[in-house]
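Everything quoted here is computed from the prediction, not taken from an experiment.
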Amino acid sequence: MFQSPLQIGATTVVANWFVSKRGRATSILGLSHSVGMVLFPLLAGMVIHSWGWQAAWMVLGAIVWVAALAPVSLLIRQSPEQMGLTPDIPPNMEGDDSGSGPAGSGEPSWTLGDASRTRTIWLLALATGILFLLQAGTNTHQGAFFIDQGLGVAVAALSISFNAAFTGIGSLIWGWLLERIPVRYCYAAVALLMAAALALFPVVNSIWEALLTASIWGVAVGGLSLIHISEPTRPLYISYAVFCLK
(Lines give C-alpha, C1' and ligand atoms only; values in the text may rest on other atoms or scores of the structure.)
Protein backbone atom coordinates (compact mmCIF):
# COMPACT_ATOMS: atom_id res chain seq x y z
CA MET A 1 0.00 0.00 0.00
CA PHE A 2 2.97 2.30 0.57
CA GLN A 3 5.30 1.40 -2.27
CA SER A 4 2.99 1.60 -5.30
CA PRO A 5 1.26 4.98 -4.70
CA LEU A 6 4.58 6.59 -3.75
CA GLN A 7 6.32 5.65 -6.98
CA ILE A 8 3.28 6.22 -9.19
CA GLY A 9 2.58 9.64 -7.66
CA ALA A 10 6.14 10.95 -7.95
CA THR A 11 6.73 9.72 -11.50
CA THR A 12 3.33 11.00 -12.67
CA VAL A 13 4.14 14.53 -11.50
CA VAL A 14 7.50 14.41 -13.31
CA ALA A 15 5.82 13.05 -16.45
CA ASN A 16 3.33 15.93 -16.41
CA TRP A 17 6.16 18.48 -16.40
CA PHE A 18 8.41 16.85 -18.99
CA VAL A 19 7.68 15.35 -22.40
CA SER A 20 10.73 15.38 -24.68
CA LYS A 21 13.12 15.16 -21.69
CA ARG A 22 10.92 12.84 -19.65
CA GLY A 23 13.45 10.02 -19.63
CA ARG A 24 16.29 12.03 -18.11
CA ALA A 25 13.97 13.90 -15.71
CA THR A 26 12.55 10.65 -14.38
CA SER A 27 16.06 9.18 -14.16
CA ILE A 28 17.03 12.01 -11.77
CA LEU A 29 14.02 11.05 -9.64
CA GLY A 30 15.23 7.45 -9.67
CA LEU A 31 18.73 8.54 -8.71
CA SER A 32 17.38 10.41 -5.69
CA HIS A 33 15.57 7.23 -4.66
CA SER A 34 18.86 5.36 -4.87
CA VAL A 35 20.64 7.96 -2.75
CA GLY A 36 17.97 7.54 -0.08
CA MET A 37 18.39 3.76 -0.21
CA VAL A 38 22.11 4.19 0.48
CA LEU A 39 21.91 6.87 3.18
CA PHE A 40 18.90 5.78 5.26
CA PRO A 41 20.29 2.35 6.29
CA LEU A 42 23.59 3.98 7.25
CA LEU A 43 21.82 6.61 9.33
CA ALA A 44 19.56 4.02 10.94
CA GLY A 45 22.58 1.87 11.77
CA MET A 46 24.37 4.74 13.51
CA VAL A 47 21.29 5.67 15.57
CA ILE A 48 20.69 2.03 16.52
CA HIS A 49 24.31 1.69 17.62
CA SER A 50 24.08 4.81 19.82
CA TRP A 51 20.48 4.87 21.12
CA GLY A 52 18.69 1.69 19.99
CA TRP A 53 16.20 0.71 17.31
CA GLN A 54 13.30 2.56 18.93
CA ALA A 55 15.17 5.86 18.55
CA ALA A 56 16.04 4.96 14.95
CA TRP A 57 12.35 4.60 14.08
CA MET A 58 11.61 8.02 15.57
CA VAL A 59 14.52 9.69 13.76
CA LEU A 60 13.51 8.19 10.40
CA GLY A 61 9.90 9.23 10.99
CA ALA A 62 10.97 12.79 11.76
CA ILE A 63 13.10 12.90 8.59
CA VAL A 64 10.08 11.84 6.51
CA TRP A 65 8.05 14.74 7.94
CA VAL A 66 10.82 17.29 7.33
CA ALA A 67 12.36 16.05 4.07
CA ALA A 68 9.30 14.57 2.35
CA LEU A 69 5.88 15.67 3.60
CA ALA A 70 6.70 19.34 4.11
CA PRO A 71 8.31 19.91 0.67
CA VAL A 72 5.54 17.94 -1.07
CA SER A 73 2.87 20.07 0.61
CA LEU A 74 4.61 23.38 -0.09
CA LEU A 75 6.38 22.90 -3.42
CA ILE A 76 4.75 20.21 -5.58
CA ARG A 77 2.45 21.33 -8.40
CA GLN A 78 0.56 18.68 -10.34
CA SER A 79 1.25 20.23 -13.75
CA PRO A 80 2.99 23.26 -15.30
CA GLU A 81 -0.39 24.60 -16.43
CA GLN A 82 -1.19 25.35 -12.77
CA MET A 83 1.75 27.76 -12.82
CA GLY A 84 0.91 29.31 -16.19
CA LEU A 85 3.72 27.32 -17.83
CA THR A 86 3.99 24.56 -20.43
CA PRO A 87 6.11 21.40 -20.50
CA ASP A 88 8.94 20.82 -22.97
CA ILE A 89 7.01 19.74 -26.05
CA PRO A 90 8.89 18.04 -28.91
CA PRO A 91 8.83 20.09 -32.17
CA ASN A 92 6.65 17.49 -33.94
CA MET A 93 3.96 17.88 -31.24
CA GLU A 94 3.82 21.66 -30.97
CA GLY A 95 0.37 23.05 -31.65
CA ASP A 96 -1.32 19.70 -30.99
CA ASP A 97 -3.71 20.20 -28.06
CA SER A 98 -5.29 16.74 -28.20
CA GLY A 99 -5.06 14.25 -25.35
CA SER A 100 -5.18 14.37 -21.59
CA GLY A 101 -1.45 14.71 -21.02
CA PRO A 102 0.43 17.99 -20.77
CA ALA A 103 -1.02 20.68 -23.01
CA GLY A 104 -0.01 20.23 -26.63
CA SER A 105 1.78 16.94 -25.98
CA GLY A 106 -0.53 14.96 -28.25
CA GLU A 107 -0.84 12.19 -25.67
CA PRO A 108 -4.09 10.17 -25.85
CA SER A 109 -6.97 10.74 -23.44
CA TRP A 110 -8.06 7.76 -21.34
CA THR A 111 -10.72 7.81 -18.65
CA LEU A 112 -10.81 5.06 -16.04
CA GLY A 113 -13.90 3.54 -17.68
CA ASP A 114 -12.35 3.60 -21.15
CA ALA A 115 -9.09 2.07 -19.95
CA SER A 116 -10.77 -0.71 -17.95
CA ARG A 117 -12.47 -1.95 -21.14
CA THR A 118 -9.19 -2.44 -22.99
CA ARG A 119 -6.98 -5.50 -23.04
CA THR A 120 -3.91 -3.32 -22.57
CA ILE A 121 -4.81 -2.10 -19.08
CA TRP A 122 -5.10 -5.65 -17.77
CA LEU A 123 -1.86 -6.74 -19.43
CA LEU A 124 -0.13 -3.73 -17.85
CA ALA A 125 -1.68 -4.50 -14.49
CA LEU A 126 -0.58 -8.13 -14.61
CA ALA A 127 2.94 -7.50 -15.94
CA THR A 128 3.70 -4.52 -13.74
CA GLY A 129 2.17 -6.15 -10.68
CA ILE A 130 4.33 -9.26 -11.11
CA LEU A 131 7.50 -7.20 -11.59
CA PHE A 132 6.85 -5.08 -8.50
CA LEU A 133 6.03 -8.25 -6.52
CA LEU A 134 9.41 -9.68 -7.52
CA GLN A 135 11.16 -6.40 -6.71
CA ALA A 136 9.64 -6.04 -3.24
CA GLY A 137 10.22 -9.66 -2.25
CA THR A 138 13.80 -9.74 -3.46
CA ASN A 139 14.76 -6.40 -1.88
CA THR A 140 13.24 -7.49 1.43
CA HIS A 141 14.99 -10.86 1.64
CA GLN A 142 18.25 -10.24 -0.25
CA GLY A 143 20.38 -9.61 2.83
CA ALA A 144 18.96 -12.53 4.80
CA PHE A 145 19.38 -14.82 1.78
CA PHE A 146 23.08 -14.08 1.42
CA ILE A 147 23.55 -14.66 5.16
CA ASP A 148 21.83 -18.03 4.81
CA GLN A 149 24.23 -18.77 1.95
CA GLY A 150 27.07 -18.43 4.47
CA LEU A 151 28.47 -15.18 3.09
CA GLY A 152 28.18 -13.26 6.37
CA VAL A 153 26.55 -10.06 7.53
CA ALA A 154 29.21 -7.77 6.05
CA VAL A 155 28.78 -9.20 2.54
CA ALA A 156 25.00 -9.07 2.87
CA ALA A 157 25.12 -5.39 3.87
CA LEU A 158 27.60 -4.60 1.09
CA SER A 159 25.36 -6.31 -1.46
CA ILE A 160 22.44 -4.11 -0.39
CA SER A 161 24.62 -1.02 -0.88
CA PHE A 162 25.61 -2.26 -4.34
CA ASN A 163 21.94 -2.85 -5.12
CA ALA A 164 21.08 0.72 -4.13
CA ALA A 165 24.04 2.28 -5.94
CA PHE A 166 23.35 0.44 -9.19
CA THR A 167 19.66 1.31 -8.95
CA GLY A 168 20.77 4.93 -9.28
CA ILE A 169 23.17 4.11 -12.10
CA GLY A 170 20.45 2.09 -13.81
CA SER A 171 18.05 5.02 -13.53
CA LEU A 172 20.43 7.23 -15.49
CA ILE A 173 21.08 4.53 -18.11
CA TRP A 174 17.40 3.73 -18.67
CA GLY A 175 16.51 7.41 -18.70
CA TRP A 176 18.98 7.91 -21.55
CA LEU A 177 17.68 4.84 -23.42
CA LEU A 178 14.02 5.86 -23.08
CA GLU A 179 14.63 8.95 -25.19
CA ARG A 180 16.12 6.82 -27.98
CA ILE A 181 14.41 3.40 -27.91
CA PRO A 182 10.65 2.58 -27.91
CA VAL A 183 9.41 2.05 -24.38
CA ARG A 184 8.09 -1.47 -25.07
CA TYR A 185 11.61 -2.67 -25.91
CA CYS A 186 13.00 -1.06 -22.76
CA TYR A 187 10.27 -2.65 -20.67
CA ALA A 188 11.03 -6.08 -22.15
CA ALA A 189 14.75 -5.59 -21.50
CA VAL A 190 14.09 -4.69 -17.85
CA ALA A 191 11.95 -7.81 -17.40
CA LEU A 192 14.65 -10.02 -18.98
CA LEU A 193 17.34 -8.45 -16.79
CA MET A 194 15.26 -9.05 -13.66
CA ALA A 195 14.73 -12.66 -14.72
CA ALA A 196 18.47 -13.13 -15.27
CA ALA A 197 19.29 -11.71 -11.83
CA LEU A 198 16.67 -13.92 -10.16
CA ALA A 199 18.18 -16.96 -11.89
CA LEU A 200 21.62 -16.01 -10.53
CA PHE A 201 20.57 -15.54 -6.88
CA PRO A 202 20.22 -19.28 -6.04
CA VAL A 203 23.73 -20.12 -7.36
CA VAL A 204 25.61 -17.34 -5.53
CA ASN A 205 28.47 -18.82 -3.46
CA SER A 206 31.10 -16.06 -3.26
CA ILE A 207 31.36 -12.36 -2.48
CA TRP A 208 32.00 -11.47 -6.11
CA GLU A 209 28.98 -13.42 -7.30
CA ALA A 210 26.84 -11.75 -4.64
CA LEU A 211 27.97 -8.24 -5.60
CA LEU A 212 27.58 -8.94 -9.33
CA THR A 213 24.07 -10.33 -8.88
CA ALA A 214 23.07 -7.43 -6.62
CA SER A 215 24.42 -4.97 -9.20
CA ILE A 216 22.49 -6.56 -12.07
CA TRP A 217 19.37 -6.56 -9.93
CA GLY A 218 19.89 -2.90 -9.05
CA VAL A 219 20.19 -1.88 -12.72
CA ALA A 220 16.96 -3.75 -13.50
CA VAL A 221 15.09 -2.16 -10.58
CA GLY A 222 16.32 1.28 -11.67
CA GLY A 223 14.66 0.71 -15.03
CA LEU A 224 11.43 -0.64 -13.59
CA SER A 225 10.72 2.52 -11.64
CA LEU A 226 11.19 4.67 -14.76
CA ILE A 227 9.73 2.69 -17.62
CA HIS A 228 6.29 1.87 -16.26
CA ILE A 229 5.30 5.54 -16.38
CA SER A 230 6.92 6.54 -19.67
CA GLU A 231 5.09 7.22 -22.90
CA PRO A 232 3.18 5.74 -24.60
CA THR A 233 1.97 3.73 -21.56
CA ARG A 234 1.68 6.76 -19.25
CA PRO A 235 -1.99 7.73 -19.84
CA LEU A 236 -3.11 4.10 -19.52
CA TYR A 237 -0.92 3.55 -16.49
CA ILE A 238 -2.33 6.61 -14.72
CA SER A 239 -5.81 5.14 -15.28
CA TYR A 240 -4.49 1.87 -13.85
CA ALA A 241 -3.14 3.73 -10.83
CA VAL A 242 -6.51 5.38 -10.24
CA PHE A 243 -8.17 1.97 -10.61
CA CYS A 244 -5.86 0.41 -7.99
CA LEU A 245 -6.22 3.28 -5.55
CA LYS A 246 -10.02 3.20 -5.81
Side-chain angles (χ1 to χ4, degrees), residues 2-4 6-7 10-11 23-46 48-49 56 60 126-230:
F2 159 78
Q3 182 81 351
S4 296
L6 180 69
Q7 293 195 358
T11 48
R24 70 191 76 177
T26 314
S27 71
I28 294 173
L29 176 66
L31 180 62
S32 68
H33 180 208
S34 178
V35 171
M37 290 173 62
V38 173
L39 294 181
F40 264 54
L42 297 177
L43 176 61
M46 290 188 292
I48 290 171
H49 179 73
L60 294 179
L126 178 63
T128 306
I130 290 174
L131 290 178
F132 272 109
L133 179 65
L134 297 173
Q135 177 208 3
T138 304
N139 285 350
T140 301
H141 298 288
Q142 175 183 316
F145 174 76
F146 285 149
I147 293 175
D148 290 343
Q149 292 290 89
L151 298 177
V153 175
V155 173
L158 187 61
S159 73
I160 294 174
S161 296
F162 266 63
N163 182 350
F166 276 87
T167 296
I169 294 172
S171 297
L172 298 177
I173 294 173
W174 292 109
W176 181 83
L177 289 174
L178 278 171
E179 296 181 5
R180 294 161 175 80
I181 300 175
V183 66
R184 61 183 182 276
Y185 297 136
C186 291
Y187 214 165
V190 165
L192 288 173
L193 200 58
M194 291 183 72
L198 289 170
L200 290 173
F201 270 108
V203 299
V204 168
N205 292 308
S206 68
I207 179 175
W208 303 114
E209 291 174 348
L211 297 183
L212 175 62
T213 303
S215 301
I216 295 174
W217 179 255
V219 172
V221 170
L224 176 62
S225 299
L226 267 66
I227 293 172
H228 72 260
I229 204 68
S230 297

Looking at every non-hydrogen atom in both residues, tell me the closest pair between [X] and [Y] and how far apart they are.
X    : Y    : answer
G152 : I147 : O-CG1, 3.9 Å
F146 : F201 : CZ-CE2, 3.5 Å
M194 : Q135 : CE-N, 4.2 Å
A210 : S159 : O-CB, 4.5 Å
A56  : I48  : CB-CG1, 3.6 Å

Quick one: pull up [atom1] in [X] and [atom2] in [Y] and give me the separation to the nearest 0.5 Å.
X    : Y    : atom1 : atom2 : result
L158 : L151 : CG    : CG    : 11.0 Å
L134 : W217 : CG    : CH2   : 5.5 Å
F166 : I169 : CZ    : CD1   : 4.5 Å
L177 : L172 : CG    : CG    : 11.0 Å
L224 : C186 : CG    : SG    : 12.5 Å
L211 : I216 : CG    : CD1   : 11.5 Å

Taking C-beta and beyond as the side chain, do [X] and [Y] meet within less than 4.5 Å on heavy atoms?
X    : Y    : answer
I173 : W176 : no
F162 : L212 : no
V203 : E209 : no

Subject >> Q142 side chain vs A214 backbone, donor-acceptor pair below 3.5 Å >> reply: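 Checked: no pair found.
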Original post:
Taking the side chain from W174 and the backbone from V219, do they hold a donor-acceptor pair closer than 3.5 Å?
Top reply: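 Between the backbone of V219 and the side chain of W174 there is a qualifying donor-acceptor contact (under 3.5 Å).
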